[in-house]
Amino acid sequence: MIRLSTFRGAFLPVGLLIVWEIASRAGLFSAVVLPPPSAVAARWFASLVPALPHDPATQSYTAWLFSGELPHDAVASLSRVIAGFAIGVGLALPIGLLMGTSDRLYGLVNPLLQILRPIPPIAYIPLAIVWFGLGNPPALFLIALGTFFPVLVNTIAGVRQVDSIYVRAARNLGANSWTMFRRVILPAASPFVLAGMRIGIGTAFIVVIVAEMIAVSDGLGYRILEAREYMWSDKIIGGMLTIGVLGLVIDGAMSRLNDHLLRWHRGLER
């Protein structure tokens, strides 16, 4: 059963679309500058469906179904996000856990971290192209970089803010270092770690669009830049809305994952 809050949440977007359509049809905006939503929807659907009829002799039905321009670009962007996110998390988690548990390592590495952290991943684009050339490697490097620092900083903060009462209690019960880490520090820091991962996946999705405008020849970012060259505003807006929908789905999935993994933590708060 659909909740009333769902209709309330959809009221403003639907109202804006109606006003936008009426204003565009009335000639208040140039169709080149701001096409009506109906034109955007038509362009979006045209890029969604396969361009050629299905031929069982050359490709499977699933491959044909995703052979349209929009599904191909969406899959390309998502694959880069997932791969770059995995690399960034895989590097940030062990470093963050080590820095959080070792004061000596934290004091040694933290000054460098504070210098590099404010630099936006976009500023690394020239270096990424020089180091890795064009194609997927520079895009993955930028996405991993955008993911790395949010996860690293939150992991360090989570480990260093573990309540000392839990640590003393575990020591009094005879817990060794590995048990302390596995049963006390890691669970207590997990809300911070998962929050960093949620921020990191959002940053990764922002970075992939910029990277695709520079270094690769497919993906949603590349397609938006291509549409700009030909003044296809309807295609640009359609690509932007696709990014918004994919970002909403990814954030919703991360939120559900957090709720599932932290259900013990939510229960303590109630």
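Both backbone and side-chain heavy atoms feed into the values below; hydrogens, waters and symmetry mates do not.
- Annotation: the span from Leu140 atom CG to Ile87 atom CD1 amounts to 5.5 Å, rounded to 0.5 Å.
- Between Ile129 and Leu134, some side-chain heavy-atom pair lies under the 4.5 Å cut-off.
- When all heavy atoms of Ile143 and Ala204 are compared, the pair lying nearest together is CG2-CB, 3.5 Å.
- Of all heavy-atom pairs between Gly219 and Asp73, the closest is N-OD1, 3.1 Å.
- Residues Met213 and Arg228 have side chains not in contact (no heavy-atom distance under 4.5 Å, counting atoms from C-beta outward).
- The stretch residues 199-212 participates, sequence neighbours left out, in these side chain to side chain donor-acceptor pair (under 3.5 Å) pairs: Ser77-Glu212, Arg80-Glu212.
- With rounding to the nearest 0.5 angstrom, the OG1 atom of Thr147 is 11.5 Å from the CD1 atom of Ile199.
- Considering every non-hydrogen atom in both Arg160 and Met99, the closest pair reads NH1-O, 4.0 Å.
- Residues Leu78 and Phe205 are in side-chain contact: their nearest non-hydrogen atoms beyond the backbone lie under 4.5 Å apart.
- Counting non-hydrogen atoms of neighbouring residues, nucleotides and ligands closer than 6.0 angstrom, the CG atom of Leu225 exceeds 12 such neighbours.
- Hydrophobic clustering, defined by side-chain heavy atoms of Ile, Leu, Val, Met, Phe, Trp and Tyr closer than 4.5 Å, leaves Ile82 isolated from every other such residue.
- From Ser233, atom OG reaches atom CE of Met240 across 10.5 Å, with rounding to the nearest 0.5 Å.
- Using a 4.5 Å cut-off between side-chain heavy atoms of Ile, Leu, Val, Met, Phe, Trp and Tyr, with links allowed through other members, Leu98 and Met197 fall into the same hydrophobic cluster.
- Taking CD of Glu229 as the start and CD1 of Ile236 as the end, the distance is 9.5 Å to the nearest 0.5 Å.
- Contact check for Leu246 versus Leu220: side-chain heavy atoms found under the 4.5 Å cut-off.
- Residues Arg104 and Leu108 form no side-chain contact, since every pair of their non-hydrogen atoms from C-beta on lies 4.5 Å or further apart.
- Under the 30°/60° scheme for interplanar angles, the aromatic rings of Phe141 and Trp131 are found to stand perpendicular.
- With hydrogens and angles disregarded, no donor-acceptor distance shorter than 3.5 Å links the side chain of Ser255 to the backbone of Asp251.
- Leu145 and Ile214 fall within a single hydrophobic cluster, where Ile, Leu, Val, Met, Phe, Trp and Tyr are joined by side-chain heavy atoms under 4.5 Å apart, directly or via other members.
- Cluster annotation: Ile95 is connected to Phe149 through the hydrophobic network of ILVMFWY side chains, with a link wherever side-chain heavy atoms come within less than 4.5 Å.
- Qualifying side-chain hydrogen bond (donor to acceptor under 3.5 Å, both in side chains) partners for Trp232, counting only residues two or more places apart in sequence or in other chains: none.
- With a 4.5 Å cut-off between side-chain heavy atoms of Ile, Leu, Val, Met, Phe, Trp and Tyr, the cluster of Val14 takes in Ile18, Ile22.
- Here Leu97 pairs with Thr155, Val159, Phe181, Leu186 under the side-chain contact (heavy atoms from CB on, under 4.5 Å) rule; sequence neighbours left out.
- Atom CD1 of Ile201 and atom CE of Met254 lie 6.5 Å apart (nearest 0.5 Å).
- Under a hydrophobic-cluster definition in which Ile, Leu, Val, Met, Phe, Trp and Tyr are linked whenever side-chain heavy atoms come within less than 4.5 Å, directly or via other members, Ile206 and Phe148 are assigned to different clusters.
- When the shell of 6.0 Å around CH2 of Trp44 is examined, it contains 12 or fewer heavy atoms from other residues, nucleotides or ligands.
- Once rounded to the nearest 0.5 Å, the distance linking CD1 of Ile224 with OG1 of Thr242 reads 8.0 Å.
- Of all non-hydrogen atoms in Ile237 and Pro35, the two that sit nearest each other are CD1-CD, 4.0 Å.
- Counting only residues at least two apart or on different chains, the salt bridge (Lys or Arg N to Asp or Glu O under 4.0 Å) pairs with a member in residues 15-43 are Glu21-Arg25, Arg43-Asp234.
- Follow the hydrophobic side-chain contacts under 4.5 Å out from Ile243 and you reach Phe85 in the same cluster.
- Between Leu152 and Leu113 the shortest side-chain heavy-atom distance falls below 4.5 Å.
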